[in-house]
Amino acid sequence: MTGIGVNQPTMLQQKLTFAEQVADVLKVPAEDIVEHLEYPPNPDLGDLALPCFRFAKTLRRNPADIAKDVASALAEHPAFARAEATGGYVNVQLNRDALMRDVVRTLQSHPEQWFSRQRGQGRTAAIDYSSPNIAKPFGVGHLRSTVIGQAIVHLLEADGWRVVGINHLGDWGTQFGKIIVAYRKWGDEAVVRANPVRELFSLYVRFHDEAEKHPELDDEAREWFKKLEEGDAEATRLWQWFIDESLKVFRAMYHRLGVQFDHYLGESFYNDMMQVVVDELRSKGLLVESDGAEVVDLSAWNMPPCIIVKSDGATIYATRDLAAANYRHDQFGADTLLYVVGAEQTLHFQQVFKVLELMGRSWAANCQHVAFGMMKYNGERMSTRRGKIVYLEDVLDKAVAEAKRIIEEKNPSLEDKDSVAEAVGIGAVIFNDLKSYRMHDVDFRYEEVLNFDGETGPYVQYTHARACSVLRKAEATPGQAGSVDNLVDVHDAEWRLITVLAQAQEVLERAVDELDPSLIARFLLDVCHAFNRFYHDCPILSAEAARDQRLALTDAVRSALAYGLHLLGLKAPTAM
RNA sequence: GUCUCAGUAGCUCAGCUGGAUAGAGCAACAGCCUUCUAAGCUGUGGGUCGGGGGUUCGAAUCCCUCCUGAGACGCCA
């Protein structure tokens, strides 16, 4: 366990203290013991537990005896209030006062320190996320890459990384030939200007309909894309116009979602870097001719070949991704490249990463495809071509309207109803997408997104607002409410809350290591549940001796939730 | 066909670097607001952890195999 610089009283530190105290007894390095410490299934048993069965073989003693020795070794240390051997387990109870003081004090003033020890110092990650296609609507399908990516940006930054967020817009390819053809045939400038993305998209859908009956349209589209590649003035003008209009709509959507990028770099940005990649591959002898195309043979790694130059001489997305990877490494100084892209592109990224390795890029090992499952609707795959898509804008609007309805019903005197409704409605949508495992496919259901009860974004936001409300009633300043200087007996509900809050660092580190925001989402739900239980069981303002410590604890929860919500990209209204 | 990923309560999921009676939420039912925001809290019912083998003191978790679903499998991204 190197790297714990400051002597932080997090649960991680408690574990380390435990491990160091018993390392001699078990004749095992402390860091190995930390790995095996766990939380007892039932809080009555204790706060931390060590199963001793695994040490039985090497020590040639039975687990129950080992547990007894471990327990007596722990009894000597002030951090532990009680250590007990039960069967092959050692259960300890921590010193409540000490941990509570440190959790609350740190959290009140510096929540970011409570969550992290800045392991990413000196590292830079470039992360590719959202990356929608120009002239196509922003559907709920794109939500996943967008919100997962944005949350990962926050997680890495929280752990000390420098992060470069990149929106790899789909602004190139034969699809633009199609849209140009469709626009020239059936489009109307005024109509497009009024609602650019939706109108361009319906032209695109119409193109596909008509092309089924009139295949010659496809040839026309190819011709127009070729003109675009050759710099034809008309083609370029239309293409640029589509991009400008799309970006206006996308930026508005990102603003609503609280999503930001350091760079918008579309696929077309790399056009003039392609030849360099091809030349390098060729000079390194990696390219082989195959059916008229030039490919990198990957059969030694049990993968199909990676196509670099198509048989018509044009490059392809793999080439583009190679160029982009080099650019991100060289220009942004990124030592780690992340791609938040759907799981259906897994093979493609494996190929690209392998080719980078073959090109001798040492950092290829730090490239990672952060894959996620597919968003479906009514169990069916959404299809942009056929126009079968759920517009994200519609989803957000419905969620916000639902939030507004609930506010009118429950808290009609609330100030800033509209901005709170916006924060809560959008929070519901974002949280819903972040809370479950990335790799699962999700079937989009309105009834689920529009339900604000239980394990939802609004529940977390509500709990935060509730804590804020208590502080307001106490006329206390957030960040310095109450005090933990003089503690009176810590109630079980208070303690339960402390033990959850104390796990923040472990959770953040695991979320970073696994690039999985859902761990943070579930942690926040645990905090909320523990706080609401506490809120229900323990009077705060009307408490006598315990008033100060409970107020401080409430403030600590407020701080932790505000910070956690920020990590996930949700707003934290102080009232709702 | 090959490869990858998934399969846990009616539904959505957690638990998966092996450990103590498999946990939440939703839905259903039953309680709790003259007291700090009931978007809350408590309780009840609900499980062959896809099936079968194996490893182990111990398997939802690791290995093998089969079944089911999704995705990928060369000139789209």
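Note that the structure is a prediction, hence the values are computed from the model and not measured. Within every chain, numbering begins at 1; the chains are lettered A, B, ... in the order of the sequence lines, protein sequences first and strands thereafter.
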Scan Arg54(A) against the nucleic acid and name what it touches under 4.0 Å (heavy atoms): base, sugar-phosphate only, or nothing. base
Please pick, from rC57(B), rC5(B), rG15(B), the nucleotide with the shortest atom-to-atom distance to any side-chain atom of Phe53(A). rC57(B)
Leu347(A) side chain: which of rU37(B), rG71(B), rA72(B) is closest? rA72(B)
Tell me if the side-chain of Thr346(A) makes a donor-acceptor pair with the base of rG71(B), cut-off 3.5 Å, by modelled atom types. no
With a non-hydrogen cut-off below 4.0 angstrom, is Asn302(A) in contact with a base, only sugar-phosphate, or nothing? nothing
Nearest-neighbour nucleotide for the Ile316(A) side chain, rC36(B), rU17(B), rA77(B) considered: rA77(B)
If you take all heavy atoms of Asp321(A) and Tyr339(A), which pair is closest and at what distance? O-OH, 4.5 Å
Euclidean distance, Glu380(A) CD relative to Lys388(A) NZ, rounded to 0.5 Å: 3.5 Å
Say you pick atom P in rG52(B) and the same atom in rA60(B); how far apart are they, in whole Å? 12 Å
Within the structure shown, what part of the strands sits under 4.0 Å from Gln175(A) by heavy-atom distance: base, sugar-phosphate, or nothing? nothing
When you measure from the side-chain N and O atoms of His440(A) to the phosphate of rA14(B), is any distance below 4.0 Å, counting only OP1 and OP2? yes
On the 0 to 90° scale, with breaks at 30° and 60°, tag the His440(A)-Tyr437(A) ring pair as parallel, tilted or perpendicular. perpendicular
Going by the angle between their ring planes, with limits at 30° and 60°, are Phe349(A) and Phe353(A) parallel, tilted or perpendicular? tilted
Nearest whole Å is fine: how far is rU17(B) P from Leu519(A) CG? 13 Å
May I ask you to say whether Asp219(A) pairs ionically with Arg222(A), meaning some side-chain N is under 4.0 Å from a carboxylate O? yes
Base, sugar-phosphate, or nothing: which does Tyr459(A) touch, judged by heavy atoms less than 4.0 Å apart? sugar-phosphate
Paired and unpaired positions of RNA chain B as dot-bracket, Watson-Crick or G-U wobble under 3.5 Å, | denoting a partner strand: (((((((..((((.....[...)))).(((((.......))))).....(((((..]....))))))))))))....
Select base, sugar-phosphate, or nothing to describe what His529(A) touches, counting heavy atoms under 4.0 Å on all strands. sugar-phosphate
Hey, can you tell me if Tyr204(A) and His208(A) have their rings parallel, tilted or perpendicular (30° and 60° cut-offs)? perpendicular
Counting the atoms with a prime plus P, OP1 and OP2 as sugar-phosphate, which does Thr319(A) contact under 4.0 Å by heavy atoms, base, sugar-phosphate, or nothing? nothing
Using only modelled atom types and a 3.5 angstrom limit, is any donor from either the side chain of Asn91(A) or the base of rA20(B) paired with an acceptor on the other? yes
Go through rA20(B), rU37(B), rG71(B) for me and flag the one nearest to the Asn411(A) side chain. rU37(B)
Say you draw a straight line from OG1 of Thr58(A) to CD1 of Ile66(A); how long is it, rounded to the nearest 0.5 Å? 7.0 Å
Within the 4.0 Å heavy-atom criterion, would you say Lys376(A) contacts the bases, only the backbone, or no part of the nucleic acid? sugar-phosphate
Work out how far the P atom of rU44(B) is from that of rC5(B), and round it to whole angstrom. 39 Å
Look at the aromatic rings of His348(A) and Tyr317(A) and report parallel, tilted or perpendicular, splitting at 30° and 60°. tilted
Side chain of Arg445(A): nearest nucleotide among rU12(B), rC41(B), rC75(B)? rU12(B)
Out of rA14(B), rA20(B), rU37(B), which has the shortest distance to the side chain of Arg522(A)? rA14(B)
Phosphate-side-chain proximity, Lys310(A) and rC76(B), N/O vs OP1/OP2 below 4.0 Å: yes
C1' spacing across the pair rG18(B) / rG58(B), given as an integer number of angstrom: 8 Å
If you only use heavy atoms from C-beta on, which nucleotide in rA20(B), rU12(B), rA77(B) is closest to the side chain of Glu448(A)? rU12(B)
Please determine if a side-chain N or O atom of Tyr339(A) lies less than 4.0 Å away from the OP1 or OP2 oxygen of rA77(B). no
Touch check for Ala575(A), heavy atoms < 4.0 angstrom, all strands: base, sugar-phosphate only, or nothing? base
Is the shortest side-chain N/O distance from Arg381(A) to OP1 or OP2 of rA72(B) below 4.0 Å? yes
Ala371(A) versus Thr346(A), closest heavy-atom pair with distance: CB-OG1, 4.5 Å
Integer angstrom distance from the P of rG69(B) to that of rC57(B): 38 Å
P spacing across the pair rG46(B) / rG53(B), given as an integer number of angstrom: 27 Å
Salt-bridge criterion met for Arg381(A) and Asp441(A) (N-O under 4.0 Å): no
Indicate, with a heavy-atom threshold strictly under 4.0 Å, whether Ile407(A) touches base, sugar-phosphate, or nothing. base
Plane angle bin for Trp239(A) and Phe176(A) - parallel if under 30°, tilted between 30 and 60°, otherwise perpendicular: perpendicular
Within less than 4.0 Å of OP1 or OP2 of rU37(B), is there a side-chain N or O belonging to Lys473(A)? yes
Could you check whether Met303(A) gets within reach of a base, just the sugar-phosphate, or nothing at all, counting any heavy atom under 4.0 Å? nothing
Distance check needed: rA77(B) C1' versus Tyr204(A) OH, whole Å only. 10 Å
Residue pair Tyr264(A), Phe250(A): steps toward the ring pair (Phe, Tyr, Trp, His ring centres under 6.0 Å) verdict: CA-CA 11 Å; Tyr264(A) 284 74; Phe250(A) 291 166; 8.8 Å; no
Which is true for Ser290(A) with a 4.0 Å heavy-atom rule: it touches a base, it touches only sugar-phosphate, or it touches nothing? base
Could you give the distance separating rG7(B) and rC13(B) at their C1' atoms, to the nearest angstrom? 13 Å
Give the residues of residues 530-548 of chain A touching RNA chain B, defined as any heavy atom closer than 4.0 Å, sorted by residue number. Asn532(A), Arg533(A), Tyr535(A), His536(A), Cys538(A), Pro539(A), Ile540(A), Leu541(A)
In whole Å, measure the gap between the C1' atoms of rC11(B) and rA20(B) for me. 30 Å
Quote, to the nearest angstrom, the P distance that separates rA28(B) from rA72(B). 38 Å
A cation-pi test, strictly: NZ or CZ of Arg466(A) under 6.0 Å from the centre of the six-membered ring of Tyr535(A) and no more than 45 degrees from its axis. Yes or no? yes
Of the listed nucleotides rC26(B), rG74(B), rC36(B), the one nearest the side chain of Asn451(A): rC26(B)
Presence of donor-acceptor pair under 3.5 Å, side chain of Tyr462(A) and base of rA39(B): no
Asp526(A) CG to rC13(B) C1', straight-line distance once rounded to whole Å: 13 Å
Classify Val424(A) by what it touches in the nucleic acid, base, sugar-phosphate, or nothing, heavy-atom distance under 4.0 Å. base
Sub-6.0 Å ring centroid separation between Phe452(A) and Tyr462(A): no
When we call it a touch if two heavy atoms are under 4.0 Å apart, what does Val295(A) touch: a base, just sugar-phosphate, or nothing? base
Scan Ala371(A) against the nucleic acid and name what it touches under 4.0 Å (heavy atoms): base, sugar-phosphate only, or nothing. nothing
